[in-house]
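Read the structure below first, then the notes.
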Number of protein chains: 2
Amino acid sequence: MSDIARETSTSVSTVSRVLAGGAVSKRISKETREKVHEAAKRLGYRPNLLARSLRTRRSNTVALLVSDIANPWFGQLASTIEKNLHDKGYSLFLCNSAEDLKRESEYLHLLPQKGIDALILVPLLKSKKVLQQHLPPTLPVVVVDRPVQGVNSSVSSDQDMLANQLADSLAKIGVKKIAMANGPAHVSSHRRRAEILTQRFEVLAAFEGPSKRETGQAAMKEFVAKGIKPDAFVGTNLFLTIGMLDELNIPAIGQQMLPAFGCFDQLPFHDLLPMPVACAIQDIAGLADAVVRELMPLLQPNAPEPVPMVVPTLMSYNRAYLAKTGG
Amino acid sequence: MSDIARETSTSVSTVSRVLAGGAVSKRISKETREKVHEAAKRLGYRPNLLARSLRTRRSNTVALLVSDIANPWFGQLASTIEKNLHDKGYSLFLCNSAEDLKRESEYLHLLPQKGIDALILVPLLKSKKVLQQHLPPTLPVVVVDRPVQGVNSSVSSDQDMLANQLADSLAKIGVKKIAMANGPAHVSSHRRRAEILTQRFEVLAAFEGPSKRETGQAAMKEFVAKGIKPDAFVGTNLFLTIGMLDELNIPAIGQQMLPAFGCFDQLPFHDLLPMPVACAIQDIAGLADAVVRELMPLLQPNAPEPVPMVVPTLMSYNRAYLAKTGG
DNA sequence: TTGTATGCGTTATCAG
DNA sequence: CTGATAACGCATACAA
């Protein structure tokens, strides 16, 4: 800036005002304004955003800390949030806690020091305490996907709607009795999903374990061993469902007799499966939009009290399902 | 810092030296050192990393600009790179160009101004010119996955090895005739893959288009319409292969007669598929390691001339394939 | 061993 | 309309 001030025989302040644009630059004579712009271009001037942020205490940068960026679901979420934020003039600083609580608190500690304007968090932590411990109380925070007790600025899917839509869809093709592979009951979303399904159907068998592929496999093994014949198998999570499918030897059973499947999250390639499959999926674009709508007011001077947002869910069916319902 | 200087009756520089740690702090008396640390903790001092970077011209932050973070392949790559960099004491600023050339140049322009120490890039651009146009010549850059003419600091997979491994694997299960869905021929990796497969097999049909799911669908539609019966379908890209699978109505065809599939990149959940599937995959961990090994020297004062790194590839098979080869 | 003074690149305040 | 000057928070050369 001092270079271009010298070149144009003006002062650094004038240069700053011109380059600031907007109302401030209008108060500078057209002549010098053009001189400055010309010199800036000629010298290849690039503002130092660190210095600017240091001075203005604004960086136009929002951090997003996700629990696992290798998970395509979060990849899509991050991608959409970034797009939305970019439209509002913010850059996204994307970080990954990799399902590691230690990494999460490290980032929670580090990010505010890097001069971010706000934080969007897919939390691993379960208590508000950790947040308060690491984050300055003034930093706007939006919690996504997994509500945290006591944090009002949160965006998540309507878990009850999700489970009920799935139940509706299964009921529609005549399902009455199910067998379930459940994730850990201490995780609220798994518990709630299981509760609702239990209300809506007769549960012939339920198998609980960590939400991994192996649990689904073990569940299916047990169901087969016990000779359980439900109208549908349901997993409270994508990995559990896939595990069950792993153990289901489709050619051996014979395709006509296959029970249906109910799944949370989008099952890849479900059109390749011969039995009816209904997937209850969380609306990623809807969540991303809601995040930005929740966040923007918090960035304004007189921030209103935030209120949790709940996003409607969607269903997805495979061809075999649609063939059965006739459309 | 001035607060804690006042509390401890010392000066800001003393506080700075103590908090800097390492050799500098050793030259301060143990007494005052402890006083300072105590006060820092008591006052909840957090260094302002913007100010520090402004002064030292180092941010310990590396930017990674990927072409599509919603693509799980890049998600995994980003995740692994972040882990490696974190171990070396660097934070990762992850950005997404979302397959959009305009977004890419915006970021290319913006990132250096944010005070990053280096840039890792999965480029959309094909010419070195754009890089030179936006990036300061002093900024260390590593190009990943897609080599750019004239850029030596690059890390990529061995494309010839990749295609030949896939061909070997298909030949092993008796494949002689294939039908292909090809990505754009002007993209070097797609072209090279197609060339090698054409050398190794009889190509009954080939369909070219942008590397999107829709192209694979269109390809399969055409193959079916023309009554083409290959021993295997091959897509030169994950999305092309998935698109072909979308259109393949397995129940209608009958599982015994299904052709095999050859795929580049890891097809998710390929164990759900009844036909043999061979995937030629790029070693993500290997690439991520190479990126860091390529980058670290560039961050040192007397950077040696970088040399392009080529990483070996891997194969992955589904159960149906392994059953056919006997393990 | 420690304090003083200066500067990193910007913006903001206050004169004029 | 414009120019000095201070300040953002920190690190460091130079003194003491």
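A note on names: the letters A, B, ... follow the listed sequences, proteins ahead of strands, and every chain is numbered from 1.
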Spell out yes or no: do the side chain of Ser29(A) and the base of dT2(D) have one donor N/O and one acceptor N/O closer than 3.5 Å?
no

Expressed as a whole number of angstroms, how long is the span from Leu49(B):CG to dC8(D):P?
18 Å

Mind checking Ser53(A) for me? I need base, sugar-phosphate or nothing, with any heavy atom below 4.0 Å counting as a touch.
nothing

Of the nucleotides dC10(D), dG3(C), dT5(D), which has the atom closest to the Ser13(A) side chain?
dT5(D)

Would the base of dT11(C) count as contacting Arg55(A) through its side chain, where contact means a donor and an acceptor less than 3.5 Å apart?
yes

From C-beta outward on Asn48(A), which listed nucleotide comes closest to its side chain: dG3(C), dT2(D), dG9(C)?
dG9(C)

The answer to which of Ala51(B) and Ile28(B) contacts DNA chain C further toward the 5' end, by nearest nucleotide, is Ile28(B)

Looking at dG9(C), dT11(C), dC10(D), which one has an atom nearest to any side-chain atom of Met1(B)?
dC10(D)

Is there a side-chain polar atom (N or O) of Arg52(B) under 4.0 Å from OP1 or OP2 of dA11(D)?
yes

Would you mind reading off the distance between Arg57(A) atom CZ and dC10(D) atom P, rounded to a whole angstrom?
10 Å

For atom NZ of Lys114(A) and atom C1' of dG9(D), their distance in whole Å
16 Å

Arg46(B) CZ - dC10(D) C1' separation (whole Å)
17 Å

Round to the nearest Å and state the distance from Lys26(A) atom NZ to dT2(D) atom P.
15 Å

How long is the line joining CZ of Arg58(A) and C1' of dT10(C), in whole Å?
15 Å

With hydrogens left out and only the distance checked, is there a donor-acceptor pair under 3.5 Å joining Arg17(B)'s side chain and the base of dA11(D)?
no

With a 4.0 Å limit, can you tell me whether Ser16(A) has a side-chain N or O closer than that to the phosphate oxygens OP1/OP2 of dT10(C)?
no

note: Arg27(B), atom CZ; dT12(D), atom P; distance rounded to Å ~ 14 Å

Is there a donor-acceptor contact under 3.5 Å from the side chain of Asp117(A) to the main chain of Val62(A)?
no

Nearest whole angstrom, please: distance from the C1' of dA11(D) to the CG of Asn60(B).
15 Å

Considering only NZ, NE, NH1 and NH2 on the basic side and carboxylate oxygens on the acidic side, decide whether Lys212(B) and Glu99(B) come within less than 4.0 Å.
no

For the side chain of Thr56(A) and the base of dA12(C), is some donor closer than 3.5 Å to an acceptor across the two?
no

Can you classify the ring geometry of His86(B) versus Tyr107(A) as parallel (below 30°), tilted (30 to 60°) or perpendicular (above 60°)?
tilted

